[in-house]
Amino acid sequence: MGLRGRWGGRAAIALCVGAGVWLLVTALRDGWGRADPVASVFGSVAGLAALVLALRAIPAPRPPVPRPVPPEVPEWWVDRDEADAVVRAVRRRTRRWRSGGSVAITAGLHGAGGFGKTTLAKYVAAQRSVQRRFPGGVHLVTIGRDVRGPAAVAAKVAEETRLITGDTVETGSDPERAGNHLGSLLAQRPRTLLVIDDVWEHEQLAPFLRGAPHSCVRLVTTRKT
Ligand SMILES: Nc1ncnc2c1ncn2[C@@H]1O[C@H](COP(=O)(O)OP(=O)(O)O)[C@@H](O)[C@H]1O
Ligand SMILES: [Mg+2]
């Protein structure tokens, strides 16, 4: 609640308390018959004022962030044995949550450049069964070699947070803080899949793994094992 909302709430409480005190004092001094009509008028005004102030204090609902358009499987796609295994692995994470079991939160694809990791991750993201399993959306986050150093990683996390959730709260240049913020927002969303592509360093990945163990699955591609 903002400053205005807080002061609005206090003013409403003050009005209600004022009405109560007025009623008590008048009733003790002049008797209940005199206090009753005054208190009714005072009470109604206080009630209306409290309602108006309370309504003003409710934050405007954020417009829903549209789900990303699923990637298209390219015409030249040649099926690979791993593809269905990865689709199953990503979907299985959510099934295990329902049965209450503990889960590893990250699935990984690793291999040299040109191995087909990005193509495979996009194939997984494009599957209708995967899209259906994640009502919070399937989000592709491309990291790459150039995102280096804490400030750049934090900025990347903030940018993706805005794209995924619409949130624009400033979290500064600390990747851990930015990651915690993203994690707390993901925890409030319907099940979401993050496809975190082209990770080069652990420092680039760590902030994206924070929080939301029950509502976010991460599929990571990296050259490193
Ligand atoms: N399943 C596939 N079928 C056909 N071609 C593929 C497939 N996977 C990858 N390729 C080819 O290999 C290239 C590199 O794949 P990419 O997914 O970008 O590799 P990586 O992300 O591992 O560097 C693609 O541009 C495409 O030409
Ligand atoms: Mg790639």
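In what follows, every heavy atom counts, from backbone to side chain, and hydrogens, waters and symmetry copies are set aside. Positions are given from 1 along the sequence. These numbers come from a predicted model, not from an experiment. In each ligand, atom 1 is the first atom listed, and ligand 1 is the first ligand listed.
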Should one rank Asp198, Val78, Thr222 by closest heavy-atom distance to atom 2 (C) of ligand 1, which comes out on top?
Val78
Side chain or backbone, does Gly114 bring an N or O within less than 3.5 Å of an N or O on ligand 1?
yes
Atoms of ligand 1 less than 4.0 Å from Arg80 heavy atoms?
1 (N)
Taking 2.8 Å as the cut-off, does an N/O/S atom of Thr221 lie below it from the Mg ion (ligand 2)?
no
Looking only at distances, can you tell me whether any N or O atom of Arg223, backbone or side chain, sits closer than 3.5 Å to an N or O atom of ligand 1?
no
If hydrogens are left out, which of Trp77, Tyr123, Trp76 has an atom nearest to atom 24 (C) of ligand 1, that is, the closest non-hydrogen atom?
Trp76
Asp197 and Thr118: side chain to side chain donor-acceptor pair (under 3.5 Å), yes or no, with the steps?
CA-CA 7 Å; Asp197 186 37; Thr118 301; 2.9 Å; yes
When you compare the side chain of Leu182 with that of Arg210, does any pair of heavy atoms fall below 4.5 Å?
no
So Pro207 and Val153, do their side chains get closer than 4.5 Å, heavy atoms only?
yes
State whether the side chain of Ser215 and the backbone N or O of Pro213 hold a donor-acceptor pair below 3.5 Å, judged by distance alone.
no
Would you find more than 12 non-hydrogen atoms of other residues, nucleotides or ligands less than 6.0 Å from Lys122 atom NZ?
no
